[in-house]
J.: 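Please read through the structure below; I'll follow up with questions.
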Amino acid sequence: MKMGDSLLERFCEALPSIHFHAVEAPNETAYQELASYGGGWSSAAYYSLNCQEYLPKEIDRCLYFDAGDTLVIGNIDPFYFMDFENNFMGIMPVSVQYYLDGANKVYMGYEENDLFEKRARSVILRGLFNAGSYMMNLSLMRQYGYTMPDILLLARKLAELEGKNSKVYWGDQGLLGALYVGHMKLFSIEDPEFMFAMPYNFCMWHYDQDNSDPAYPPSVIHYAGALKPAAVKYDRFFPLFQKENNLHEMTELKPLQRKYYQYWREEAEKAEKTIRDIGIEKELLAF
């Protein structure tokens with residue numbers, strides 16, 4: 001076990017509702033190649049793509065969160081226990097332009113063959129969903145999903161089609177879109193009034209498009225499209241989670257975004273107390 005895993009395990013031991021299991025993703029070289037075609041994401045961003053191969057067989061579904069800029073503040077059961085309807089993934093919507101046909105509320109679902117049409121492919125490779133949070137149907141993936149050799153082959157073919165070897169796709173969400181296009185369940189699609197609801201991946205860029213709070217209560221906050229929460233100056237400094245010389249004023253955020261950063265501040269304070277109580281503060285600072 002690596003030092004970071006060891007510290008995380010000791011931290012989780014103090015949290016009765018969390019059981020930590022370290023699982024090392026195999027074949028780092030393969031992930032590095034996938035990352036080389038992406039837009040700057042690290043190789044770790046691609047670990048989920050074939051997780052059905054290395055996660056324990058008894059795990060039939062997996063909820064993925066981006067590390068570092070997502071925060072769970074509400075009940076996630078409806079998303080976690082969703083009916084995949086024989087799809088490989090469960091996703092939140094990402095943008096009006098991907099899912100509306102003009103002014104009509106019609107779902108514009110892309111299919112596998114769209115990868116061979118340049119305009120549609122550019123949308124798919126940019127991402128049919130935001131990868132801050134998504135569900136993976138591991139049972140179905142083990143039966144019919146892609147293994148790492150398949151994923152590498154697809155990435156190379158996409159590079160050929162695009163005529164370039166970098167920025168072929170938009171990180172993990174672009175490659176996942178290409179892998180499972182036409183086989184992803186869009187959560188809440190049944191309710192036209194909440195066609196673009198993102199309760200389990202509520203991105204801060206919502207406030208770039210709408211100057212009002214959502215009509216639904218967010219359960220998972222994704223600090224995408226704005227400052228990361230550790231980069232904001234609060235009423236106190238958190239040395240375990242922040243770098244003092246690189247902080248931004250809260251006033252740089254849109255007014256309606258600020259409350260979500262206070263959620264992070266509260267959780268940072270709780271985590272700091274737990275870390276000090278179990279005596280790993282010095283080790284964490286050194287790490």
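All values below were derived from every heavy atom in this structure, side-chain atoms included, with hydrogens, water molecules and symmetry-related copies excluded.
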J.: Hey, are Thr29 and Asn27 close enough side-chain-wise for a donor-acceptor pair under 3.5 Å?
T.: no

J.: Mark yes or no for whether Glu117, through its side chain, and Arg119, through its backbone, hold a donor-acceptor pair below 3.5 Å.
T.: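 Yes: the side chain of Glu117 pairs with the backbone of Arg119.
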
J.: Do Thr147 and Asp150 meet the criterion of a side-chain donor-acceptor pair at a distance under 3.5 Å?
T.: yes

J.: Has the side chain of Gln52 got a donor or acceptor atom that lies under 3.5 Å from a matching backbone atom of Tyr146?
T.: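 Flag set: sc Gln52 to bb Tyr146 pair under 3.5 Å.
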
J.: Taking the six-membered ring for Trp, is the centroid-to-centroid distance between Phe79 and Phe187 below 6.0 Å?
T.: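 Yes, the ring centres sit under 6.0 Å apart.
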
J.: Has Trp41 got more than 12 heavy atoms of other residues, nucleotides or ligands less than 6.0 Å from its CH2?
T.: yes

J.: Under a 4.0 Å threshold between the charged nitrogen and the carboxylate oxygen, would Glu160 count as salt-bridged to Arg156?
T.: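 Glu160 and Arg156: not salt-bridged.
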
J.: Check the side chains of His183 and Glu112 for a donor-acceptor pair under 3.5 angstrom, ignoring hydrogens and angles.
T.: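 A pair is found: one side chain offers a donor N or O, the other an acceptor, under 3.5 Å apart.
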
J.: Tell me if the NZ atom of Lys273 is crowded by more than 12 foreign heavy atoms within 6.0 Å.
T.: no

J.: Is it the case that Tyr31 and Asn50 place a side-chain donor and acceptor less than 3.5 Å from each other?
T.: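 Per modelled atom types, Tyr31 and Asn50 side chains form a pair under 3.5 Å.
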
J.: For a ring-ring contact (aromatic ring centres under 6.0 Å, His included) with Tyr223, tell me which candidate from Tyr261, Tyr260, Tyr263, Trp264 qualifies.
T.: Tyr261

J.: Charged N to carboxylate O under 4.0 angstrom, Asp60 versus Arg142?
T.: no

J.: What pairs with Tyr64 under ring pair (Phe, Tyr, Trp, His ring centres under 6.0 Å), at least two apart in sequence or on another chain?
T.: Tyr134

J.: Is the Phe241 ring parallel, tilted or perpendicular to the Phe238 ring (thresholds 30°, 60°)?
T.: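 Ring orientation of Phe241 relative to Phe238: tilted.
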
J.: Can you check whether Met89's main-chain N or O pairs, donor with acceptor, with Asn87's side chain at less than 3.5 Å?
T.: no

J.: Does a salt bridge link Asp235 with Arg265, judged by any charged N lying under 4.0 Å from a carboxylate O?
T.: yes

J.: With a 4.0 Å cut-off, would you call Lys167 and Glu162 a salt bridge?
T.: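 Looking at Glu162 together with Lys167, the answer is no, because their closest N to O distance does not fall below 4.0 Å.
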
J.: I'd like to know if Lys270 pairs up with Glu267 as an ion pair, taking the criterion as any Lys NZ or Arg NE/NH1/NH2 lying under 4.0 Å from an Asp or Glu carboxylate oxygen.
T.: yes

J.: Does the side-chain contact (heavy atoms from CB on, under 4.5 Å) test come out yes or no for Phe11 and Phe20, once each step is laid out?
T.: CA-CA 9 Å; Phe11 177 80; Phe20 175 76; over 6 Å; no

